[in-house]
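This report refers to the structure that appears directly beneath it.
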Amino acid sequence: QVQLVESGGGLVQPGGSQRLSCAASGSIFSIKLGRWYRQAPGKQRELVAAELGRQRTNYADSVKGRFTISRDSAKNTVYLQMNSLKPEDTATYYCNLLYHPNYPDYMNDNYREVWGQGTAVTVSS
């Protein structure tokens with residue numbers, strides 16, 4: 001069974017930086033794509049960034065130019081580098097992966113989905 005462990009959340013001042021990590025453990029042959037979502041109190045969960053493989057990425061308009069998503073395939077880890085943080089970035093951030101469990105699944109593009117438990121980021125002075 002694949003599990004995700006997120007880390008890197010905490011309190012940061014406006015204008016500061018934070019890097020979130022999402023490490024996958026278990027039976028993974030390859031990551032199809034990695035995504036970071038966030039949910040602020042009283043708001044719906046929203047997609048922040050997606051890493052689609054082959055260095056293709058997508059970002060929410062609100063974080064473009066400030067956040068960078070990346071992947072270390074050797075470590076089965078996805079990162080979210082957050083710069084120029086604003087109070088409105090305060091939220092719980094969730095990692096989401098689509099992955100291939102083994103080589104035959106990879107060749108047939110059979111993938112599974114797994115979510116992290118969330119890590120809280122608070123941007124405040």
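Just the heavy atoms: all of them, side chains too, but no hydrogens, waters or symmetry mates, feed the values below.
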Handout entry: Minimal non-hydrogen separation, Ser17 against Ser84, with atom names
Key =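 Closest pair (atom of Ser17, atom of Ser84, distance): OG-N, 4.4 Å.
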
Problem - Minimal non-hydrogen separation, Leu4 against Gln117, with atom names - result: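 Shortest heavy-atom separation between Leu4 and Gln117 comes out as O-OE1, 3.4 Å.
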
Practice task
Would you confirm whether the ring centroid of Tyr37 sits within less than 6.0 angstrom of the ring centroid of Tyr94?
Solution key: no

Under the 3.5 angstrom rule, does the side chain of [X] hit a backbone N or O of [Y] as a donor-acceptor pair?
X     : Y      : result
Tyr79 : Thr68  : no
Glu6  : Cys95  : yes
Thr57 : Glu51  : no
Gln39 : Thr92  : no
Arg38 : Val121 : no

Problem - Trace of the side chain to side chain contact (heavy atoms under 4.5 Å, CB included) decision for Val5 with Gln3 - result: CA-CA 7 Å; Val5 177; Gln3 292 184 327; 5.5 Å; no

Handout entry: Ion pair check, Arg35 and Glu113, cut-off under 4.0 Å
Key =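 Yes, this pair counts.
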
Practice task
Indicate yes or no: does Arg112 engage Asp105 in a salt bridge with an N to O separation below 4.0 Å.
Solution key: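 No.
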
Handout entry: Audit row: Asp89, Phe67, side chain to side chain contact (heavy atoms under 4.5 Å, CB included) steps and yes/no
Key = CA-CA 11 Å; Asp89 294 318; Phe67 289 12; 3.9 Å; yes

Handout entry: Spatial distance of atom CZ (Arg54) from atom CG (Leu33) [nearest 0.5 Å]
Key =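 Spacing of CZ (Arg54) from CG (Leu33) equals 13.0 Å.
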
Problem - Tyr111, OH atom: more than 12 neighbouring heavy atoms under 6.0 Å - result: no

Handout entry: Evaluation steps, side chain to side chain contact (heavy atoms under 4.5 Å, CB included), between Val114 and Gln1
Key = CA-CA 10 Å; Val114 61; Gln1 185 174 353; over 6 Å; no

